[in-house]
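Working notes, structure below.
All figures in this text were calculated on a predicted structure; none of them were measured in a lab.
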Amino acid sequence: MNVKEYIASGILEVYVLGGLSVEESSEVERMMASHHEIKEEVLRIQDTLEKFAFASDQMPNPKIKGQLLNFIDGVSSDNNSVPAFYKYGAVAASLILIVSLSISVFLWNKWKNAEKTIVLIQEEQARYADNFNKASYKISQMENNLSITKDTSIVRVTMKGVALSPTSIAFVYWHKFTKEVYIDAHKLPTPAEGMQYQLWAIKDGKPIDAGIFEISTSNELQKVKTIQAADAYAITLEKRGGSASPTLSAMYVLGNV
Amino acid sequence: MHIEEFADEIVQDVFLKYWYKIEEYEPEKGRLFTWMLNIARNASIDKLRSKEYRSIRKSETTDRLVYQADEHYAESSNPDQIGLKETLDKLSAEQKQIIELMYFKGYTQSEIAEEYNIPLGTVKTRAKSAIQKLRNLFV
């Protein structure tokens, strides 16, 4: 069927009058799209029906315009019939909730960090305090040592290494008036497990126990037992806790007053 | 319920359909006015076929309704226009029947051919001649 026959058949009039099924209408629309003359003809038929429609035009009830506008206003501003107050309220509440949650998380993190910082600062402070205590202890000890070594009432006895340990050296400080004895023995070899050095004062050829002591790495004086008088001092290695009489085979240093 | 109340309801429905369906309008298929006219026509036919309408207007023929409409809206917005009834009266009985069944009552060409025992081709040629006649009337 050519275009002219198609137009002459009257199918376009039926199409515009709404007398075609959906499939038939789609077919006409395809023809319209591919043939310009067919589209023109359809538009002409539509024009005619338009005029026909206007032949009977009537003003609708004026009430309807207002009702429609109200309805459309309602539809466009408020899709669900939930009152605007609640809608905005819900939005506002959600926003407030989100904001307050964010603030809570933020503050909680800050608080956690602050706590951590406090712990760190406390630890640091404890370390400083500890260092300070150690330092002041050391200073007081050194002052003490210095006062002992400078004191003119103090007698210093040098004990030198004997056969067992020729390079060893130790010092005894004895106070003339208080009879107090201090030992500086940091240059002795470290004793074996379960053993301890013991100082002996020798008076008239007899050893007197002057006390046990530890080997300290720092150059400090240790106070041992009070000795009334001595001709010489010696250090032996004894079992831990000390012995009643010196083990002469384990004598490390010896010095005369 | 009076015919005006039906009309008001249809007008309202139709405008809401324009509002909701405007995105479905395809300019390739014809003018916007035709699209609007078809929506209005389909809504009117749906209403005329509704039980609610038929229960009240059982005995009314289209003729009578058209006449009634013309009478009722005697003061029209356009005083120069030819009335609907007058226009339809210028058509032959066959042309008028086609317009009435197809355009006002929503029958398809196949339904008309079957129900009135007319060949499909004749339905088309009658539709064509009816439109031709209307076109001459509105030149």
Give the table of side-chain donor-acceptor pairs shorter than 3.5 Å for residues 122-129 of chain B, with sequence neighbours excluded, one pair per line with atom names and distance.
from, atom 1, to, atom 2, distance (Å)
B/Thr125, OG1, B/Gly121, O, 3.3
B/Thr125, OG1, B/Thr122, O, 3.0
B/Arg126, NH2, B/Glu94, OE2, 3.3
B/Lys128, NZ, A/Ile7, O, 3.3
B/Lys128, NZ, A/Glu13, OE2, 3.1
B/Ser129, OG, B/Gln95, NE2, 3.2
B/Ser129, OG, B/Thr125, O, 3.4
B/Ser129, OG, B/Arg126, O, 3.0

Does atom CG of A/Asn133 have more than 12 heavy-atom neighbours from other groups under 6.0 Å away?
-> yes
Hey, which residues of residues 115-123 of chain A are touching chain B, say heavy atoms under 4.5 Å apart?
-> none
Pairs touching residues 33-47 of chain A that satisfy side-chain hydrogen bond (donor to acceptor under 3.5 Å, both in side chains), sequence neighbours left out = A/Glu41-A/Arg44, A/Gln46-B/Thr34, A/Asp47-B/Arg31
Who wins among A/Val42, A/Leu43, A/Val28, A/Leu20 for the most heavy-atom pairs under 4.5 Å with chain B?
-> A/Leu43
Return yes when atom CD of B/Glu114 has more than 12 non-hydrogen atoms of other residues, nucleotides or ligands closer than 6.0 Å, and no otherwise.
-> no
Let me know if A/Glu29 has heavy atoms under 4.5 Å from chain B in its side chain, its backbone, both or neither.
-> side chain
Proximity breakdown for A/Leu12 and chain B, heavy-atom pairs closer than 4.5 Å = neither
Please check if atom CE in A/Met142 has more than 12 non-hydrogen atoms from other residues, nucleotides or ligands closer than 6.0 Å.
-> no
Checking B/Tyr103 against chain A: side chain, backbone, both or neither under 4.5 Å from a heavy atom?
-> both
For B/Phe15, enumerate each residue passing the ring pair (Phe, Tyr, Trp, His ring centres under 6.0 Å) test, keeping only those at least two apart in sequence or located in another chain.
-> B/Tyr18
Do you know which of A/Ser25, A/Ser21, A/Ala33, A/Gly10 has the most heavy-atom pairs under 4.5 Å to chain B?
-> A/Gly10
Top contributor to chain B contacts, counting heavy-atom pairs under 4.5 Å, from A/Ile45, A/Thr48, A/Ile11 | A/Thr48
Taking every heavy atom of A/Gly18 against every heavy atom of B/Met102, the minimum-distance pair comes out as C-CG, 4.5 Å
CG on A/Leu68 to CG on B/Asp13, rounded to 0.5 Å | 9.0 Å
The single option from B/Ile99, B/Ile131, B/Leu37, B/Leu137 that satisfies side-chain contact (heavy atoms from CB on, under 4.5 Å) with A/Phe52 is B/Ile99
Of all of A/Glu50, A/Gln67, A/Lys63, A/Lys65, which one pairs up most often with chain B through heavy atoms under 4.5 Å apart?
-> A/Glu50
